[in-house]
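The structure appears below as structure tokens.
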2 protein chains.
Amino acid sequence: MATNTNFFEELHSTELTGVAYKNVWLKKQMLTHFANEGNATVADLSRTLNTSIPKTSELVNELLADGLVKDYGKTDSGVGRKPNLYGLEPASAFFVGVEVKNLHVNIGLMDFRRSLVKTSRGIPYLLNNTEESLHTLCTIVCDFINTSSVQLEKILGIGINLTGRINYRTGYSYSFFNFHEDPLSKIIESVVGIHTYLENDSRAMAYGEFCSGGVKDEKNVLFVNLDHGIGMGIMVGGQLYYGKSGFAGEVGHIPMFNNEILCHCGKKGCLETEASGAAITRIFKERLAEGASSIVTNKRTNPEDIVLEDIIEAANNDDTLAIEIITEAGEKIGKGMATLVNLFNPELIILGGSLSATGDYIRLPIKNALNKYSLSLVNNDTQLSISQLGDKAGIIGACLLVRDRLLAITS
Amino acid sequence: MATNTNFFEELHSTELTGVAYKNVWLKKQMLTHFANEGNATVADLSRTLNTSIPKTSELVNELLADGLVKDYGKTDSGVGRKPNLYGLEPASAFFVGVEVKNLHVNIGLMDFRRSLVKTSRGIPYLLNNTEESLHTLCTIVCDFINTSSVQLEKILGIGINLTGRINYRTGYSYSFFNFHEDPLSKIIESVVGIHTYLENDSRAMAYGEFCSGGVKDEKNVLFVNLDHGIGMGIMVGGQLYYGKSGFAGEVGHIPMFNNEILCHCGKKGCLETEASGAAITRIFKERLAEGASSIVTNKRTNPEDIVLEDIIEAANNDDTLAIEIITEAGEKIGKGMATLVNLFNPELIILGGSLSATGDYIRLPIKNALNKYSLSLVNNDTQLSISQLGDKAGIIGACLLVRDRLLAITS
DNA sequence: AATTGTTTTTAAATTTTTTTATAAAACAAT
DNA sequence: ATTGTTTTATAAAAAAATTTAAAAACAATT
């Protein structure tokens with residue numbers, strides 16, 4: 001009932017051959033099936049895995065004995081003798097997801113059945129590219145784990161979302177904490193003592209939305225993270241697309257304008273320079289200086305203190321200036337996304353990130369520009385929706401990525 | 001020695017269960033392995049398929065008896081007893097690839113080991129969206145098949161490349177021959193009598209280049225077809241990417257310019273309006289009219305008769321005007337492709353299509369713009385090369401697509 | 001030229017899996 | 001309450017696959 005870690009060890013061992021290998025492989029397939037499709041009967045598993053009933057039964061019983069799988073009783077539908085339903089045992093494994101923002105950290109703990117059992121949001125933290133900042137981050141993670149009631153050895157992995165270029169395969173970060181020779185994931189791992197994966201923030205959010213949010217059967221989906229910058233997670237054939245080094249999806253830096261605004265990436269004319277949350281904040285302040293009025297000034301007497309969240313809040317309270325500027329940004333984002341539609345022919349584009357909280361204020365101008373600038377035959381295929389998970393997408397995605405990587409045969 | 005069609009029938013039958021199913025599945029894996037990796041020993045197969053030597057040996061012997069696999073004798077490397085090498089029997093299956101251009105058709109016949117056994121290039125043909133034009137196309141294909149020395153039943157499929165929007169899964173074409181209720185592939189199939197697949201021209205070329213051209217181990221590759229229009233084939237994780245309906249890769253119609261040139265797609269400002277072969281031809285004629293000089297005028301006394309091929313030929317003969325205009329187009333294409341690099345983080349971009357015959361005249365300005373407009377960290381990952389198959393990419397790709405679809409378990 | 005070492009191939013024994021048959025469970029109709 | 005139908009679960013028999021052992025093939029060495 002408690003030998004669960006054994007299975008994950010032998011899952012990733014390369015020593016196994018022949019029958020032993022096949023059995024582990026089949027058990028992995030069963031867990032994956034439970035994880036993706038929910039509970040199932042022995043007959044279901046037998047059918048999808050092309051194994052006989054007795055064999056399937058034997059392996060399910062092994063997983064049951066390992067404590068990874070739980071008997072969920074009889075089904076209630078259908079005629080004839082009712083089968084037992086099996087599914088993942090929620091308490092058999094846990095995963096930690098960490099979302100690192102510029103000014104705070106969000107952390108969540110997820111069980112094996114993708115329920116968030118504990119979350120801690122808005123932990124004050126200053127993201128700097130320094131050793132101290134990294135150290136503080138590790139401390140925050142350790143504190144979170146230590147104050148949770150779950151046994152340490154049941155926490156199988158940690159997923160950390162960072163902005164910028166991340167190579168999850170090697171564990172290297174290229175935008176933050178890139179001052180060590182070893183990959184960042186190994187550094188954190190050695191401090192916290194739990195297997196750690198790094199991921200790009202937008203891609204992790206995308207994965208959360210794919211697996212637990214507004215995605216049903218769609219297999220080719222784009223998730224656009226509209227925040228301070230503009231990021232994207234790409235799902236191709238039901239899987240995240242990384243590109244060669246994990247840098248795919250840099251939609252914020254596609255060349256779009258002939259302006260002279262210098263982007264933080266070093267180039268000029270990037271989409272981000274005129275259409276990101278940062279650009280919106282900049283333009284908002286400029287308009288105020290030019291004499292425009294807004295309800296934001298009631299809250300922030302010094303215009304320098306205005307942050308993106310203030311503008312989003314103002315828009316949702318019908319502030320004309322905020323809505324106007326967000327609409328203008330939406331049109332530009334939509335023109336950029338027309339390119340995405342033409343290139344990816346996606347079934348669904350999900351708008352996420354803090355700006356997505358403005359709902360139709362951002363969605364409609366984007367949809368409009370999409371209709372205007374993309375091939376209509378292709379555009380007709382594409383749904384445009386707002387993230388269902390909202391600000392939970394990041395930690396849910398981070399946890400699920402860890403879970404699903406540990407279940408994957410190729411680690 | 002001649003019951004080869006049997007296997008392909010049972011491969012796609014859904015009747016099989018249990019051991020029979022698994023055996024067919026394993027044999028399919030073996031054929032796929034031979035097709036992708038070349039000849040192999042029983043030990044190799046046993047290792048990659050995780051089956052025991054006796055079982056592997058038994059199945060190889062069945063394939064041998066079916067005539068699909070051939071004994072290629074002993075290996076010459078290594079110590080110890082030398083194993084037998086097995087591989088595909090070239091004469092056991094054939095595939096026809098048809099490339100439909102605006103003014104001509106190219107057809108090729110490929111054997112099971114991807115050798116082109118017969119090609120017929122430049123068959124005069126006028127592509128119109130009419131019933132007669134479709135009928136003529138079918139006749140050309142039938143003639144080609146009938147004049148080949150291969151038995152009809154050994155030709156397992158036909159692949160047809162068309163420009164425009166194609167949904168290969170349904171067999172519908174949306175740009176040409178779209179006047180029937182039934183899918184176009186079924187119409188052609190019923191005339192020619194052989195299983196027919198439709199594919200977008202650029203995607204088929206891309207597949208040819210991926211499988212038989214300049215792609216080694218790269219798994220994320222873009223193939224850009226620079227011709228009259230600008231098309232693209234996308235390879236993600238070693239497989240073609242289609243998007244929801246097979247319209248992915250429409251790079252020619254991404255919004256790039258604020259010009260007033262109406263694209264044939266109906267929009268303004270598409271990349272194609274200023275950077276395609278059609279645009280180059282238009283600009284070339286305009287410059288001539290403005291008084292510029294070129295060696296093309298020696299060949300074509302009436303400027304109206306000038307075609308893209310003339311300009312390409314002129315460039316390769318150091319004609320300044322041609323080179324100049326191609327360079328300008330290259331810079332614009334490169335700026336558009338910078339977006340591709342940022343979004344896909346590809347390992348390799350291959351330039352194909354007739355314009356790629358100008359070699360570095362088109363490649364270098366593209367490379368230059370790529371360096372200028374894409375994120376340098378991402379761009380550093382990306383190789384930019386010229387197609388190795390040249391004008392053979394289309395028919396090779398069409399044949400290989402048919403072959404590999406027939407080998408795939410999900411047809 | 002015989003011996004040794006290495007590896008493939010074949011053959012026999014053993015293990016594993018599937019198939020078939022049977023029992024048990026669940027429920028509807030008689 | 002009994003009978004029939006349908007499906008699951010278990011047990012025994014049959015089939016199939018793997019494992020182990022032995023033989024065959026060949027290169028390098030003595």
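Residue numbering restarts at 1 for every chain, and letters A, B, ... go by the order of the sequence lines.
Nucleotide C/dT16 holds its P atom 15 Å from the CG atom of A/L26, rounded to whole Å. Here D/dA17 presents its P atom at 13 Å from CG of B/L49, a figure rounded to the nearest Å. The OH-P distance, from B/Y21 to C/dT18, rounds to 13 Å in whole Å. The distance between atom CG of B/N61 and atom C1' of D/dA17, rounded to the nearest whole Å, is 16 Å. Following rounding to the nearest Å, B/N84 (CG) and C/dT8 (C1') show an atom-to-atom distance of 9 Å. Put simply, CD1 on B/I53 is 17 Å from C1' on D/dA16, counting in whole angstrom units. The distance between atom CG of B/L45 and atom C1' of C/dT9, rounded to the nearest whole Å, is 15 Å. One interatomic measurement links the two molecules: NZ of A/K55 to P of D/dA9, which rounds to 18 Å at whole-angstrom precision.
Relative to the side chain of A/E58, the nucleotides C/dT17, C/dT18, D/dA17 differ in distance, and C/dT17 lies closest. You'll find that the side chain of A/K22 is closest to D/dA17, out of C/dT18, D/dA17, D/dT10. Of the candidate nucleotides C/dT9, C/dT17, D/dA9, D/dA9 has the atom lying nearest to any side-chain atom of A/V42. Closest contact between the side chain of B/P83 and the listed nucleotides C/dT8, D/dA17, D/dT10 involves C/dT8. Set against D/dT10, D/dA17, D/dC26, the side chain of B/V19 has D/dA17 as its closest nucleotide.
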Problem set entry | CA sep, side-chain torsions, deciding dist, call: A/L31, A/L88, side-chain contact (heavy atoms from CB on, under 4.5 Å) | CA-CA 7 Å; A/L31 292 179; A/L88 299 179; 3.6 Å; yes

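B/T56 and B/T51 form a side-chain donor-acceptor contact under 3.5 Å, judged by distance and modelled atom types alone.
Within the 4.0 angstrom heavy-atom criterion, only backbone atoms of the sugar-phosphate kind lie near B/N23; the bases stay farther away. Counting non-hydrogen atoms under 4.0 angstrom, A/T41 reaches nothing in the nucleic acid.
Across all non-hydrogen atoms, the minimal contact from A/E347 to A/N220 is OE1-N, 2.8 Å. In this structure, A/I350 and A/E209 approach most closely via the heavy-atom pair CD1-CG, 3.4 Å.
Across the strands present, D/dA27 finds its partner in C/dT4; the criterion is a Watson-Crick or G-U wobble pair with both atom distances under 3.5 angstrom.
Each of A/A20 and A/R47 was assigned the nucleotide of DNA chain D with the nearest heavy atom; the assignment lying further toward the 5' end belongs to A/R47. Heavy-atom nearest nucleotides on DNA chain D were determined for B/N50 and for A/P54, and the one closer to the 5' end corresponds to A/P54.
Cation-pi geometry between A/R203 and A/Y168 is not met at under 6.0 angstrom from the ring centre and within 45 degrees of the axis.
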